[in-house]
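In what follows, a single structure is set out as structure tokens and then discussed.
None of the values given here were measured: they were computed from a predicted structure. In what follows, chains are A, B, ... by sequence order, proteins preceding strands, each numbered from 1.
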There are 2 protein chains.
Amino acid sequence: MTTIRDVAKHANVSAATVSRVLNKKGYVSKEAEEAVLTAIKELNFRPNAVARTLYNKSSRMIGLIVPDITNPFFPELARAVEDVALTYGYTVVLCNADGNVEKEHNYIEALKQKYVDGIILTTNQLSFSDEEEVGVPMVALDRIIGSKIPTVVSSNEEGGAAAARHLIENGCRFLAHLRGPKGLATAEDRLSGFRKVVEQSGVANVIVEADFHFEKSEQVTAKLLEHHPTIDGIFASSDVSAAGAIKAATAMGKKVPDDLQVIGFDGIPFGEMLVPSLTTIAQPIYKMGAMAARLLIKLIENKPLERFYYELPTELIKRQTTRRKEENNE
Amino acid sequence: MTTIRDVAKHANVSAATVSRVLNKKGYVSKEAEEAVLTAIKELNFRPNAVARTLYNKSSRMIGLIVPDITNPFFPELARAVEDVALTYGYTVVLCNADGNVEKEHNYIEALKQKYVDGIILTTNQLSFSDEEEVGVPMVALDRIIGSKIPTVVSSNEEGGAAAARHLIENGCRFLAHLRGPKGLATAEDRLSGFRKVVEQSGVANVIVEADFHFEKSEQVTAKLLEHHPTIDGIFASSDVSAAGAIKAATAMGKKVPDDLQVIGFDGIPFGEMLVPSLTTIAQPIYKMGAMAARLLIKLIENKPLERFYYELPTELIKRQTTRRKEENNE
DNA sequence: ATGATATCTGTAACCGGTTACACATTTTGA
DNA sequence: TCAAAATGTGTAACCGGTTACAGATATCAT
């Protein structure tokens with residue numbers, strides 16, 4: 001491996017001068033600069049990132065901690081974060097905390113040790129309270145931690161309300177909500193929006209817990225439809241969860257959307273791949289990731305933030321798992 | 001940040017002794033060890049990973065380069081790699097090359113600079129030929145690079161053959177294969193297996209190119225079914241691609257599996273979420289990832305490899321998009 | 001008793017960049 | 001014309017661990 005001192009020798013200057021050329025910092029004469037540049041070319045020199053990081057206490061990396069890389073929502077988010085990070089010259093380190101608080105802590109510690117410049121946290125888990133003491137710039141994404149940590153979420157409550165409204169407008173008389181994990185702010189907000197609309201309109205409804213996963217949602221829905229065969233509208237708190245609901249319903253002989261309408265939440269490409277394609281409350285996933293990355297970088301570079309809380313609008317995407325019923329029976 | 005010298009001062013020993021305690025290397029007296037351990041506790045000292053890496057030229061990290069984190073196949077693989085890596089004390093850095101050769105190169109360079117101990121390459125892209133000169137242990141996963149690089153793949157050819165056989169046994173008379181990208185060994189092998197069976201049995205067939213993506217497969221299938229309305233069996237070279245085919249067929253009023261049977265390739269959880277659930281040739285995704293990780297770690301630790309080429313068996317998983325036709329018409 | 005070996009510890013150099021500082025030389029401006 | 005400011009460059013210390021080496025004791029074998 002070529003070092004800066006090899007280059008220096010080759011160019012007949014000191015290591016300091018080479019460093020100055022590399023960083024375009026301080027005074028360097030034209031001749032020296034040229035000599036260094038040629039030497040760098042000839043020796044195919046690349047400055048050692050680790051040595052740099054050690055002195056600078058900055059690695060130009062940002063950590064992105066996700067709860068479940070297997071849920072397509074997060075890769076989507078990761079891409080956005082990465083795109084923005086790369087344009088600002090940062091590299092992204094993706095960490096899969098697996099919904100495990102301990103693993104999350106370990107990653108945060110490991111990242112700090114690696115001198116990452118900042119961390120974006122998207123964990124499902126409700127974990128710790130001492131985030132302020134982490135000592136590294138942090139941004140919360142699709143998750144609410146505390147008032148001191150800049151936060152990017154979508155309008156979960158309004159989205160939940162919109163989902164309920166859509167089902168009701170489509171003629172559903174008995175709604176179910178497959179809510180997300182308890183204690184998770186985004187899930188609570190979706191529930192709360194749903195509840196408000198449903199209570200206000202007086203539509204029959206039932207709420208059951210299903211984490212965001214497919215199998216669990218399938219099981220829960222099967223049980224739910226058994227107990228309440230007249231349910232004709234389901235709002236699932238994630239698209240994957242909605243797929244589970246559809247699966248269970250179909251297995252019981254219910255037709256979607258004729259017997260049962262289903263609406264998801266997230267707006268991942270996955271929803272379009274289903275047949276029938278999934279109606280959903282879409283989050284602006286890419287925008288959320290991009291915004292979180294930009295906020296973090298501002299934080300890192302000590303630029304002022306206008307706000308600490310950004311709520312991006314969700315959008316109802318009507319596809320084939322819901323449709324307006326004709327006014328007919330009853 | 002507490003350094004090793006702070007600890008040394010606190011324990012009344014030299015930094016060298018502290019380092020010896022940390023690494024359990026060399027002679028240290030009981031008393032000294034205890035003093036150091038207490039000092040470490042009291043100061044809450046964590047050795048700096050970057051400094052360590054700089055001297056050791058090893059970061060205990062391994063890089064995993066994937067072509068498209070958005071394709072659920074890869075997160076699945078990543079989890080396996082991570083699981084194994086963690087048990088051996090390595091951290092995984094996930095890089096999304098985006099099917100972009102240049103990005104892949106950049107990542108490899110960046111990883112080398114960070115002193116990663118090894119790299120697992122899974123890229124779709126056919127990229128470069130000088131892998132032997134990378135200078136870092138490497139393993140190819142789901143991709144064939146060169147004879148010098150240990151390789152883990154599944155039995156793509158046999159899988160392709162099994163897919164064709166299954167469709168034929170189920171009574172299909174006119175098969176189509178949505179092949180993967182040209183030049184990609186895994187895609188070629190699947191095609192080759194398919195072709196052999198089809199030629200041997202004399203079944204009518206047509207082959208069209210569709211990368212592994214959903215939209216492309218949907219478009220290609222729509223065109224295909226328009227030109228050849230009598231196609232009654234499709235083998236898609238990925239599960240996501242199969243979903244695209246199903247979508248297109250359904251949009252044209254064809255029923256799956258009654259009018260058209262579809263079989264995918266990969267065996268990602270996604271296939272089960274579809275309605276009807278997807279028949280597929282499943283790769284042992286987790287095993288592949290785990291094996292690649294173990295191979296890489298052996299390589300890193302200079303342990304001997306038994307072989308340089310591991311082909312893991314695929315498995316036909318019959319679900320709802322295929323089914324035996326009764327002998328009836330014609 | 002005595003040389004050989006094992007145990008213990010500290011000093012200083014090293015990994016590969018970065019930069020404060022000192023010292024020169026050149027340019028500016030009054 | 002001469003001090004002040006700007007420009008150019010090298011030395012050496014630093015980031016925070018690691019380790020070769022040397023010197024000091026303790027233990028062992030003969």
- Note on the structure: d(Asp142(A) CG, Phe74(A) CZ) to nearest 0.5 Å is 5.5 Å

- Residues in contact with DNA chain C, drawn from residues 6-30 of chain B - heavy-atom cutoff 4.0 Å: Asn12(B), Val13(B), Ser14(B), Ala16(B), Thr17(B), Arg20(B), Tyr27(B), Val28(B), Ser29(B)

- Item | Carboxylate-amine/guanidinium contact Glu104(B) Arg143(B), below 4.0 Å | yes

- More than 12 heavy atoms of other groups within 6.0 Å of Lys287(B) NZ: no

- First and last nt of DNA chain C near chain B, cut-off under 4.0 Å to heavy atoms, 5' to 3', are dA6(C) to dG16(C)

- Please round to the nearest 0.5 Å and tell me the distance separating atom CG of Asn12(A) and atom NE2 of His10(A). 9.5 Å

- Task: Would you indicate what Ala32(B) reaches in the nucleic acid, counting non-hydrogen atoms under 4.0 angstrom: base, sugar-phosphate, or nothing?
- Result: sugar-phosphate

- Result for 5'-nearest mapping on DNA chain C, choosing between Ala51(A) and Glu31(B), is Glu31(B)

- Query: With side chains defined as the heavy atoms from C-beta onward, is the minimum distance between Leu299(B) and Leu305(B) less than 4.5 Å?
  - Reply: yes

- Task: Taking the side chain as every heavy atom from C-beta outward, state whether Ile65(B) and Thr122(B) have any atom pair closer than 4.5 Å.
- Result: no

- Task: Taking salt bridge (charged side-chain N to carboxylate O under 4.0 Å, His left out) as the test, write out the residues that go with Glu306(B), two or more places apart.
- Result: Lys298(B)

Show the atom names and distances, to 0.1 Å, of all donor-acceptor pairs under 3.5 Å that link a side chain in residues 45-55 of chain A to residues at least two apart or in another chain.
residue	atom	partner	partner atom	Å
Asn48(A)	OD1	Val50(A)	N	2.8
Asn48(A)	OD1	Ala51(A)	N	2.9
Asn48(A)	ND2	Tyr115(B)	OH	2.7
Arg52(A)	NH2	Asn23(A)	OD1	3.4
Thr53(A)	OG1	Ala49(A)	O	2.8

- Note on the structure: In numerical order, the residues of residues 54-61 of chain B whose heavy atoms come under 4.0 Å of DNA chain C are Leu54(B), Tyr55(B), Lys57(B)

- Exam field: side chain Asn44(B) to backbone Lys41(B), donor-acceptor pair closer than 3.5 Å: no

- Item | Glu109(B)-Tyr107(B) side chain donor-acceptor pair, cut-off 3.5 Å | no

- Pair Tyr286(A), Asp83(A): side-chain N/O donor-acceptor within cut-off below 3.5 Å: yes

- Message: Near DNA chain C, counting only heavy atoms under 4.0 Å, which residues of residues 33-45 of chain A show up?
- Response: Phe45(A)

- Gap between atom CG of Leu77(A) and atom CG of Leu64(A) - 0.5 Å precision: 7.0 Å

- Looking only at side chains, do Ser58(A) and Asp117(A) share a donor and an acceptor under 3.5 Å apart? yes

